[in-house]
Protein chains: 2
Amino acid sequence: MNDKKQQLLKASIELFAAEGFWNTPTAKIARHAGVATGTLFNYFPSKDALINAVYVELKHEWREHVLAGYPEEADVKSRLEHIWFRNIDWGVNHFDHYSLTEQLRMADVLSDETIRHQNEELTFLYKVVCDGFDQAIFKEMDIDYFNRIVLAELDATVRYAVAFEIKDMALTKLIMTSIDILWNGIAR
Amino acid sequence: MNDKKQQLLKASIELFAAEGFWNTPTAKIARHAGVATGTLFNYFPSKDALINAVYVELKHEWREHVLAGYPEEADVKSRLEHIWFRNIDWGVNHFDHYSLTEQLRMADVLSDETIRHQNEELTFLYKVVCDGFDQAIFKEMDIDYFNRIVLAELDATVRYAVAFEIKDMALTKLIMTSIDILWNGIAR
DNA sequence: CCAATATTTGACTGATTAGTCAATCGCCAA
DNA sequence: TTGGCGATTGACTAATCAGTCAAATATTGG
């Protein structure tokens, strides 16, 4: 990855997170990255392409963080708890990146290519959920509905923790509570 | 409420729902409502004010729908289930309005006045939740966290139902499942 | 029927923005 | 040193849009 391209991505993430991507002109991004407007369009054919690249970059960061120390061979509950902990940790400690990622996902700006690329990186998630269903750990429900419920609770927990500045011991306790709520809800 | 004002609100809702409110020019709204650009600004001092009025209008619709047949004197679980059913019903059958409401709530475009006005209309919600805590029906947790969890699951359920076109019997079954997941999660 | 008042109109303004492109720069090979 | 070439520049274009305002039109009261 080129040096200037990386700078442009970094600048985009900072500005998008601070002011929203619709309100951030390409000229401002270029200036913030220390290059000219034209240079931005050498590396990214359009603002849309830049936005997609930003999303891929953020999701990559996220994945690295969540997968650190992932107990691939452990039982379903342990794996799910690992993902849960690490996800909330990332959401709370990099909330601007977390929030921007969600915004982009919601905003209908992601290309099919980006979505496909992302799904490929999420196979580890898919695996743990399938294992849970295979082992009849979870209640009977559609896997897509299951995913939505899990992600929704995760998101609610992160945003609550950030909104009320829950930290340290209190955060650990909150995460415990959230896992309890989730597990009681979805497990047989 | 004035006739033209109502037309403008209606046109705004239709266009915002179809194309997003950032992508809808005021001129287009006015044309769609059958008035001139200038007229829009007679009734709403700015596009922001119009957006806020749209939100208030949608929330009003929502409240009417959710409160229809509300068993004010029933026990906590019955009241919560009523709200749950009616909310999903509204979300599924008026998804464009539902989705627009959520978009507006997320997008940081609502004035303090609008938010205050909305909270006043939500006392019935506040009451049932407080009753639940007073009667020690729910697990011990912060009321704000509780609210977020409930709304998150509700939203996940609506979006899943719409995405997979769940209807009639299947929808009723989904709602049952969702209540089960919620209740097992939050109740003692 | 007229005058006064209120409402409506839409061309216009000023500001903003994604994307272009001819000119310039800087690097390297001959 | 020089010629060539890809990378970089930023002034510029064409388009878009929120909001204005003077003129036109409708409404109301006497």
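Note on naming: letters A, B, ... go to the chains in the order of the sequence lines (proteins, then strands), and numbering restarts at 1 for each one. Note that this is a predicted model, so its numbers are computed, not measured.
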Non-neighbouring partners of [X] that pass side-chain contact (heavy atoms from CB on, under 4.5 Å), sequence neighbours left out:
X: A/Asn184; value: A/Asp180, B/Lys139
X: B/Pro45; value: B/Ala49
X: B/Phe124; value: B/Trp62, B/Arg63, B/Val66, B/Leu67, B/Tyr70, B/Ile83

Scan residues 24-34 of chain B for pairs that pass side-chain hydrogen bond (donor to acceptor under 3.5 Å, both in side chains), counting only residues two or more places apart or in two chains. B/Glu19-B/Lys28
Could you tabulate the donor-acceptor pairs under 3.5 Å formed by side-chain atoms of residues 92-100 of chain A, not counting sequence neighbours?
residue: A/His97; atom: ND1; partner: A/Glu61; partner atom: OE1; Å: 2.8
residue: A/Tyr98; atom: OH; partner: A/Asp155; partner atom: OD1; Å: 2.5

Looking at A/Phe41, does the NZ or CZ of A/Lys47 lie under 6.0 angstrom from its six-membered ring centre and within 45 degrees of the ring axis? no
By salt bridge (Lys or Arg N to Asp or Glu O under 4.0 Å) - contacts of [X] (at least two apart):
X: B/Arg86; result: none
X: A/Arg105; result: A/Glu102
X: A/Arg148; result: none

Given axes from five pairs at either end, by how many degrees does the helix from C/dC1-D/dG30 to C/dA30-D/dT1 bend, rounded to 10°?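 What I find for the helix from C/dC1-D/dG30 to C/dA30-D/dT1 is an axis angle of 0°.
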With A/Phe85 via ring pair (Phe, Tyr, Trp, His ring centres under 6.0 Å) - residues at least two apart: none
How is B/Tyr43 classified with respect to the nucleic acid when contacts are heavy atoms under 4.0 Å: base, sugar-phosphate, or nothing? sugar-phosphate
Distance under 4.0 Å to a non-hydrogen atom of chain B counts as contact; along DNA chain D, which nucleotides mark the start and end? D/dC17 to D/dT20
Nucleotide-resolved protein contact map, nucleotides 14-20 of chain C, B/S/- at heavy-atom distance under 4.0 Å: ---SSBB
Length of the line joining B/Asp3:CG and C/dT7:P, which is rounded to integer Å: 14 Å
